[in-house]
Amino acid sequence: MKRTTWSNKEAVLGVTGSIAAYKACELASRLTELGVKVTPVLTESAAQLVGPASFEGITGQRAVTGMFEPLQNPEIEHIAVATRADLFLIAPATANVLAKAAHGMANDWLSTTLLATRAPILFAPAMNTNMYTHPATQANIATLRARGCHFVGPDNGRLACKTVGPGRLIDPGIILETALILMHSKKDLAGKRVLITSGGTHEPMDPVRYIGNRSSGKMGRALAFEALLRGASVSVVSGPCEAEMPHGADVIHAETAREMAVAVAEQLPSADVFVAAAAVADYRPAELSAGKRKRTGEAISITLEENPDILAGAGSQRRDGQVIVGFAAETSDAVAEGRRKLERKGAQILVANRVGAAGSGFGAEQLEAWLLDDSGRADELGRVRKDTVAQMVFDAVAERLP
Ligand code: CTP
C-alpha cells in the first residue's frame, strides 16, 4: 500500500506585510514537517515584521527577500521556482499583493513569480476590515477568482487595529488543509458526493443527562479529509464529539441516533458514497422525563428502546452504483463478526476493527483493522493510523465507482 507522501511536492510560501506575518512561520513549519519543500518569499514589508532567518531555520531553504540577491543556481531563479512549484500560497495576503496580482504588476520577486507560474495560487487574505470590504479590494478578489485563483478566509474577529470584523487571517490549520487539497494530485473522487456519519450520539434521559459513548470523531474526520483531498464534495452528519471537521466539509450536526437518521435520509439520495463511521447508540431511554430525575434512595432501572440502524437502512435502499461502507467495532472475532455485519447491513465494504486494546480504537490515533468486502476480500491492515485507514477505504471505494 502506498501512503500519501508530500515529499515530492514543492510550495512557494509568499509572506506579505500584515501583522499576521508571524503566523506564516507555523504554516512553514507544518508544511515542512509533512515533507513539502517550502521556498519562503518575503516582501520588503514582511521582512520588517518577521525575520527571514526564522523561515530559513524552519524550512531549511533560503528565504527570498529581494529580486537582485546573488543567484544560487545558473537558471533565472524566479522562473525556475515558478515552474517547479506545485502551489503558490500567499499567507498572509495584503490588499497590496491582491491589487498587484489582479493587475499583473511585476515589481518585486513575489509579484513577478506570480505572473510566471502556472501552479495553483492560494491567497489567505489578512487586513483591516475597511480595506478588505473596500470595493477596490473586492473587485481585485473577484478578478483573481475569475482567473482561477483560490481563496481561504479571512475570518471575522478582533484585528490588530482593535476593530472587530472580517480581515483576520484564518486559522493556519485551515490554510494548511486547503493547501494540501490543492497540491494532492490524485483526484479520483472528483465530481462525487461523499456522505459520512461521524462521532457518537447522546440519548437524553432527562434535561441534564444522557447516555453516550466515547467516540472522538477522529475516524470520521480522517475520512472527510481524505475524500476532500481526492476531489469529492463531502457532507458529514456529526454527532457530539471532540474532533472538528475539515473546513471544506459541509457539516450537519445531530445529537441523537434518530436525528442522525433523519439527516442521513435527506442526504442519501444524492450521495455516491455513504460511509457510516459514527458510533451510534443502539438503544435510547424509552422515556424522557420532563424534569431532572431525583435520587430516590433506591436502585432505579431505565427501560431502553431500539434506535434505527442507519447503515442497515441505507443498505436496504442502496441504488445502483452507490457504494456503502460500514465499520464494525468488535472486542473479539473481528473478521467473522465484521463479515456478518457487512452482510446483515447491506454494505459493500466494511472496516472491522478490534476495540478494547490500549492505544487502538476509540479516541486513539490508530486502529487494529481488517478491510472486508462483499466479494470475500479480507485484508489484514494491522495496526494503522486512522488517515491510512481512510486512504484504504477510498482506494477500495474508487475501484467500485462507475
Ligand atoms: N450503525 C448505524 N446505526 C446504528 C448502529 C450502527 O448506522 N444504530 C453503523 C455504524 O456506524 C457502523 C456499523 O453500523 O458502521 C456497525 O456498528 P456497530 O456498533 O459495530 O454494530 P451494531 O449494529 O451496533 O452491532 P453490535 O453493537 O451488536 O455489535
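Remember, it's 1-based here, ligands and their atoms both numbered in the order they're listed.
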Is a salt bridge present between Lys186 and Asp395, judged by a nitrogen-to-oxygen distance below 4.0 Å?
yes

Below the 3.5 angstrom mark, is there an N/O of Leu311, backbone or side chain, next to an N/O of ligand 1?
yes

What is the closest protein heavy atom to atom 3 (N) of ligand 1, and at what distance does it sit?
Ile310 N, 3.0 Å

Minimum-distance protein heavy atom relative to atom 24 (O) of ligand 1:
Asp282 OD2, 2.7 Å

Which atoms of ligand 1 are found less than 4.0 Å from any heavy atom of Ala329?
20 (O)

Who's the nearest protein heavy-atom neighbour of atom 4 (C) of ligand 1, and how far?
Val280 CB, 3.5 Å

Quick test: of every protein heavy atom, which one is nearest to atom 26 (P) of ligand 1, and how far off is it to 0.1 Å?
Lys341 NZ, 3.7 Å

Please determine if Glu305 and Arg284 form a salt bridge, counting it only when a charged side-chain N lies under 4.0 Å from a carboxylate O.
yes

Salt bridge or not for Asp333 and Arg340, using N-O below 4.0 Å?
no

Are any of the N/O atoms in Ala328 less than 3.5 Å from those in ligand 1?
no

Using a strict cut-off of 4.0 Å, indicate which atoms of ligand 1 neighbour a heavy atom of Ala278.
10 (C), 11 (O)

Among all protein heavy atoms in this structure, tell me which lies nearest to atom 22 (P) of ligand 1, with the distance rounded to 0.1 Å.
Lys345 NZ, 3.7 Å

Does the distance from a Lys or Arg side-chain N to an Asp or Glu carboxylate O, for Asp108 and Lys100, drop under 4.0 Å?
yes

Atom 19 (O) of ligand 1 protein-contacted (non-hydrogen atom, under 4.0 angstrom)
no

Going by an N to O cut-off under 4.0 Å, is there a salt bridge joining Glu203 and Arg258?
no

Between Arg230 and Asp188, is the closest basic N to carboxylate O distance under 4.0 Å?
yes

State, with a plain yes or no, whether a side-chain heavy atom of His150 is found less than 4.5 Å away from one of Arg145.
no

Polar contacts were defined as any N/O atom of the residue lying under 3.5 Å from an N/O atom of the ligand; does this apply to Pro308 and ligand 1?
yes

Just to confirm my output: which protein heavy-atom neighbour is closest to atom 15 (O) of ligand 1, and how far is it?
Ala276 O, 2.7 Å

Atoms in ligand 1 with a heavy atom of Gly326 nearer than 4.0 Å:
15 (O)

Interatomic distance, CG@Leu350 vs CG@Leu311, rounded to 0.5 Å, equals 7.5 Å

For atom 17 (O) of ligand 1, find the nearest protein heavy atom and state the residue, atom name and distance (0.1 Å precision).
Phe327 O, 3.6 Å

Salt-bridge criterion met for Glu26 and Arg30 (N-O under 4.0 Å)
yes

Atom 7 (O) of ligand 1 protein-contacted (non-hydrogen atom, under 4.0 angstrom):
yes

Salt bridge (Lys or Arg N to Asp or Glu O under 4.0 Å), that's the test. Do Glu330 and Lys341 meet it? Break it down for me.
CA-CA 11 Å; Glu330 307 295 343; Lys341 265 182 205 172; 2.5 Å; yes

